[in-house]
Structure formats: structure tokens, C-alpha cells
Amino acid sequence: MERIEELKEKINYDFETVIHLEELNELKVKYLGKKGLISELNTTIKDLPKEEKKNFGQAMNEVKVLFQEKYLSLKAKLEEEKIKEKLESERIDITLPSTKVRRGSKHPMSLAIEEIEDLFVSMGYDVVSGPELESDEYCFERLNLPKGHPARDMQDSFYITKDYLLRTQTSSVQARYMMEKQGKEPIRIIVPGKTYRREDDATHAPQFSQIEGLVIDKKENHVSLADLKGTLEVFARHMLGSNLDLRFRPSYFPFTEPSYEVDVTCFKCHGKGCNLCKQTGWIEVFAAGMVHPNVLRMNGYDPEVWGGFAFGPGWDRITMFRYGIPDIRLMYQNDIRFLQEFDRKDGE
């Protein structure tokens, strides 16, 4: 019983010295742990005479109750003090001037495509999309490039299986959309999207983006090369400068006939010749032409009744020219310093 009284005095003394929750937890282990002072003293009950065990047990219960009461009371007090201390240290002076909130910014390609889509929608076009994993049939065969066609060698493609590949051009959506309309409706669409080829340098990337344009109408409505030229002039002058001229150079594409490479006067030197245009005064921007009769026929349109034109500017290149970006790879590196150059506030 003398040891029990000494233990009570020790408990009272120890609780007066505790000032942190960590110390309180250590105190709990010291007294109630497996080898703690209370637990250790409690094991001596087996060595006592039978008549003393009852009184000893009651006294030990009083010690435990004393410890628990002091422990819970002090724990509540210390936790409250810790919360007050944290609130004080994290207090914000709302009278201080605020720091600038860093805002995200749209990617330059997003800025460009939004403007392009708005332009073509205002001209009566629909914006459509198609799968990036495409079948050989829609990517090549229905665009007048059968298996073994030499023009396929111009595109080093990513084949996933024998019959499926990552599309090399958004022209594949031409075929899908014409098949969907079953040769019965006129078409006026643009198809912005990602495309894939095995290329990688300052002006080419393995993943790049195109904007396919397609107009199909009955021949009696006279959709002509003049309409194609007028459309591309509006597009080029809106995106690259109002004083540009266009130059059509005869070329070859299996899905158009006649076919053209379309250049615009260099918007940096205005046709005088500089490093951007390689001293020629012209920059190639579009591939275009009148839709080939075979393409119309294979996709459900009678070439004797229907006709139209197609064009395909590089979305990446339009963005580069519009914002003066020297290397296409900058647009895919996700460098926040580069993207911040295009941060714009609404209304500016």
C-alpha cells in the first residue's frame, strides 16, 4: 500500500511537468504500457495474502482512475492550446494587398483553331471529327490510293495491324462523311484533328494537326476552282494578314484532280525575300484541288451529278505563322514559359 501511495504522488508530480502532447503520450506509455509502472505494480497482486488482495485491487483501481482523469483533462487542454497556436500562426491579414493570381492560358493552337472554326462556321461550314485510329480502307483506298499505289510511299505511316493505322491525314473523314450522306446531300465541312507520320524536325513532328476542308454540291450549282480560290483567300487573309496574295502551283494528289500546292506571299517580308520564305517571297500553306471523280464514285456520289473541292492546311503551321513560332516542337513541350507568351485577358 505504501508503494501505491508513492505511485500516486509520482503521477501528480509527472503531470505537473507535462507541457506538450508528445510528452503526455510518453507518460501514458510510462504508466499504462505493457511494462509501465501501474501495470508492473498490478502484477504483484498474485504474491499477496488472500485477505489483502481485495484492498490492494481497490487501491490499484483508484490509481488507474486518477491517472485516466488527469490524462484526459490534460489532453483536452493541450489539444485546445495547439489549435489556438495553429490558428494564430496561420492567421491571414485580409487588409494586406493581394498577390497576383497566376492564371492559366490557352495553348496557341487552341487560340488558332477557335478562330478558324468561327470563321468557317460563319461561311456555312460544319465542324466534324473522326477516329484517329483508322482503317486502311478509309485512310487510303477510298481516297483513290489502292494497295501498292506509289503515292503511299510519300507517307511513312504508323501501322498498328495489317489493316489499321494511325491516320496520316484528316482526309479519311471525307470518305466517312460522304458514305454517311449516301450520295444524296451537299456537303460543306471542315475536319480539324491530329494526324501521325514518321517525321521529326523543326517544321515536322510525328504527331501534327490538319484541317481538312470539303465542299460537295450538284454540278448545276457550279462549285468551281474559283470558289476554292476565294475560300482560301478569305481564310489566309483572316489568319495571316489582309494584304496577302495566293499562288496556285500545279501538283499531284491522288484524291483531287486538278491538284495544287497553294502559296501565300511571305507575311514577314511581304514578298521581297527573307530567311522565313528562303528568299522566294512565298510560303507554302495549303494543299488543295477539285475532288477526284474516283473519290466521289467510291463514296456514293455520282461524279456526273456532283462535284466539289477539298483543301488541307496544316493547323500547326498556320499557328506557327500567325504567332511567329520558329520551331513546331515548342508547341508540344508543355513549357509554361512558352505558353505564358500567349496569355490574353478577355477583351484585350
Next on the checklist: For Tyr260 and Phe286: C-alpha separation, side-chain torsions, deciding distance, then whether ring pair (Phe, Tyr, Trp, His ring centres under 6.0 Å) applies.
Outcome noted: CA-CA 8 Å; Tyr260 300 93; Phe286 303 97; over 10 Å; no
Checklist entry - Minimum heavy-atom separation for Cys139 to Ser172, with atom names? => result CA-CB, 4.0 Å
Checklist entry - For Lys194, does its backbone N or O pair with a side-chain atom of Arg167 as donor and acceptor, under 3.5 Å? => result yes
Next on the checklist: Using only atom types and a distance under 3.5 Å, with no angle test, would you say the side chain of Asn299 pairs donor to acceptor with the backbone of Met179?
Outcome noted: no
Next on the checklist: Assess whether a salt bridge exists between Lys10 and Glu6, defined as any Lys/Arg side-chain N lying under 4.0 Å from an Asp/Glu carboxylate O.
Outcome noted: no
Next on the checklist: Going by ring pair (Phe, Tyr, Trp, His ring centres under 6.0 Å), name the residues that satisfy it together with Phe309, two or more places apart in sequence or in a different chain.
Outcome noted: none
Item to check | Minimum heavy-atom distance between Trp282 and Leu246, given as atom pair plus value | outcome: CZ3-C, 4.0 Å
Checklist entry - Between Lys30 and Asp14, does at least one N-O distance fall below 4.0 Å, as a salt bridge requires? => result yes
Next on the checklist: Quick one: does any side-chain atom of Arg197 pair with a main-chain N or O of Pro206 as donor and acceptor, under 3.5 Å?
Outcome noted: no
Next on the checklist: Between Thr256 and Ser259 (side chain of the first, backbone of the second, donor and acceptor by atom type, cut-off under 3.5 Å), is there such a pair?
Outcome noted: no
Checklist entry - Do Phe311 and Phe120 have ring centroids that are under 6.0 Å from one another? => result yes
Checklist entry - Taking Tyr301 for the side chain and Glu185 for the main chain, is one N or O donor matched with an acceptor at less than 3.5 Å? => result yes
Item to check | side chain to side chain contact (heavy atoms under 4.5 Å, CB included) partners of Phe338, counting only residues at least two apart | outcome: Pro108, Ile325, Leu330, Met331, Asp335, Phe342
Next on the checklist: Does this structure show an ion pair linking Glu115 with Arg322, if we count only N-O contacts that are shorter than 4.0 Å?
Outcome noted: yes
Checklist entry - Counting N and O atoms only, with roles assigned by atom type, does the side chain of Arg188 sit under 3.5 Å from a partner on the main chain of Gly124, one being a donor and the other an acceptor? => result no
Item to check | Under 3.5 Å: donor-acceptor pair, side chain of Thr265, backbone of Asp245 | outcome: yes
Checklist entry - Are the side chain of Arg142 and the backbone of Glu137 linked by a donor-acceptor contact shorter than 3.5 Å? => result no
Item to check | Which residues share a ring pair (Phe, Tyr, Trp, His ring centres under 6.0 Å) with Tyr138, sequence neighbours left out | outcome: none
Checklist entry - Taking C-beta and beyond as the side chain, do Asn144 and Met298 meet within less than 4.5 Å on heavy atoms? => result yes
Checklist entry - Would you say Glu23's side chain and Ile19's backbone share a donor-acceptor pair under 3.5 angstrom? => result yes
Checklist entry - Does Arg249 pair with Asp263 as a salt bridge, N-O distance under 4.0 Å? => result yes
Checklist entry - Would you find a donor on one side and an acceptor on the other, under 3.5 Å apart, between the side chain of Trp315 and the backbone of Met109? => result yes
Checklist outcome for this item: Residue pairs passing the salt bridge (charged side-chain N to carboxylate O under 4.0 Å, His left out) test with at least one member in residues 205-227, sequence neighbours excluded, are none
Item to check | Option from Leu143, Asn294, Val291 for which side-chain contact (heavy atoms from CB on, under 4.5 Å) with Phe255 holds | outcome: Leu143
Checklist outcome for this item: Residues passing the side chain to side chain contact (heavy atoms under 4.5 Å, CB included) test with Ser129, sequence neighbours excluded, are none
What pairs of donor and acceptor atoms, side-chain ones from residues 60-77 against any protein atom, are under 3.5 angstrom apart with sequence neighbours left out?
| residue | atom | partner | partner atom | Å |
| --- | --- | --- | --- | --- |
| Asn61 | ND2 | Gly57 | O | 3.4 |
| Lys70 | NZ | Asn12 | OD1 | 3.4 |

